Amino acid sequence: MKPIGVFDSGVGGLTVAKELIRQLPGEDIVYFGDTARVPYGIKSKETVIRFSIENILFLLKQDVKLICVACNTVSSFALPVIKHHFKVPIVGVITPGVREAVYATRNNRIGVIGTKGTIKSRSYELEIKQINPKAKVTAVACPLFVPFAEEGWLSGRVVLEVARAYLKPLKHAGVDTVILGCTHYPLLKPIIRKVMGENIVLIDSAQQVAIEVKKILTQEGLLNRNGKGKHKFYVSDNPEWFSGLAKRFLGEQVRGIKKVDSV
Ligand code: DGL
């Protein structure tokens, strides 16, 4: 059976890969992290689209049966434009997160946090409004959360102060549900909860993404239910850096990371 392809700008997509591995243990996975060009969150839409097409072409060369875009910035900027240009099914992270948030909110006030690109695209806001026109969405970019997660700064005074400043508009708006619209943010759940309060619902779309992938593979008759899948990891630069962070993002050590010279 062919593998599932997963890509992200770097290590963040491993939080999605982790859930795919948990829910689809029989599947082979090929992960590509574009570490030579990370971060995508501050790049223009045109650039993110170009990088995404190159990454998809790389995964297609690995003969994947489905592609999971494990990056919110790519899912926001590129997916709506490129999805219909490829035959292979492509699953992004926005729609699964939106569905869960609309289902979870009790007061119709939803907060969204993400990279500058994701927030600028208004992807979450537009999809939420499509399902529930009455919902009030408050969206803020939290760019410093990405380096915090990569540096392992997940708690402490500095992180707490930054989180308080970023999340102030969400508190002010009285949101009861917050979409973690960036693959790095699940690592910061405890500090976000501390600022937003114990009762806040935090939506981490990885779980819903894996459910969606499973659904599509089942419908297409491509689901691999047996055995234990093999996982391969490719990066466009610095496998050592990727390897150092992989344990925190994936929850297990990653071996045999290969550097590819051009995508
Ligand atoms: N993976 C990106 C995202 O989910 C965050 C890192 C980046 O800016 O490239 O938006």
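Since we're looking at a predicted model, the values are computed, not measured. Order of appearance sets the numbers: ligands from 1, and atoms from 1 within every ligand.
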Of the non-hydrogen atoms in Arg193 and Ile200, which two are nearest, and what is the gap between them? NH1-O, 3.0 Å
For Pro186 versus Leu180, what's the shortest heavy-atom pair and its separation?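 Taking every non-hydrogen atom into account, CA-CD1, 4.1 Å.
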Check each atom of ligand 1 against the heavy atoms of [X] and keep those under 4.0 Å away; list them by number with element.
| X | answer |
| --- | --- |
| His184 | 5 (C), 6 (C) |
| Thr183 | 1 (N), 2 (C), 3 (C), 4 (O) |
| Cys182 | 3 (C), 4 (O), 5 (C) |
| Asp8 | 1 (N) |
| Tyr40 | 7 (C), 8 (O), 9 (O) |

Which heavy atom of the protein is the closest neighbour of atom 2 (C) of ligand 1, given with residue, atom name and distance?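 Checking every protein heavy atom, the shortest distance to atom 2 (C) of ligand 1 gives Cys71 SG, 3.6 Å.
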Measure the distance from atom 10 (O) of ligand 1 to every protein heavy atom, then report the residue, atom name and distance (to 0.1 Å) of the closest one.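 I find the closest protein heavy atom is Thr73 OG1, 2.6 Å.
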Region of [X] engaging ligand 1 - heavy atom pairs below 4.0 Å:
| X | result |
| --- | --- |
| Asn72 | both |
| Ser9 | side chain |
| Thr115 | side chain |

Centroid separation Tyr40 to Phe77 less than 6.0 Å: no
Do Tyr234 and Phe58 have their ring centres less than 6.0 Å from each other? yes
Walk me through whether Lys65 and Glu27 qualify under salt bridge (charged side-chain N to carboxylate O under 4.0 Å, His left out). CA-CA 11 Å; Lys65 61 183 171 187; Glu27 295 293 342; 2.7 Å; yes
Backbone or side-chain N or O of Gly41 under 3.5 Å from ligand 1 N or O: yes
Could you check whether Glu100 and Ser205, counting side-chain N and O atoms only, form a donor-acceptor pair closer than 3.5 Å?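 No, no side-chain donor-acceptor pair sits under 3.5 Å.
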Checking ring-ring contact (aromatic ring centres under 6.0 Å, His included) for the pair His184/Phe249: CA distance, chi angles, key distance, verdict? CA-CA 8 Å; His184 285 58; Phe249 283 78; 5.1 Å; yes
In the structure I gave you, are the side-chain heavy atoms of Asn132 and Ile110 within less than 4.5 Å of one another anywhere?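 Asn132 vs Ile110: side chains apart.
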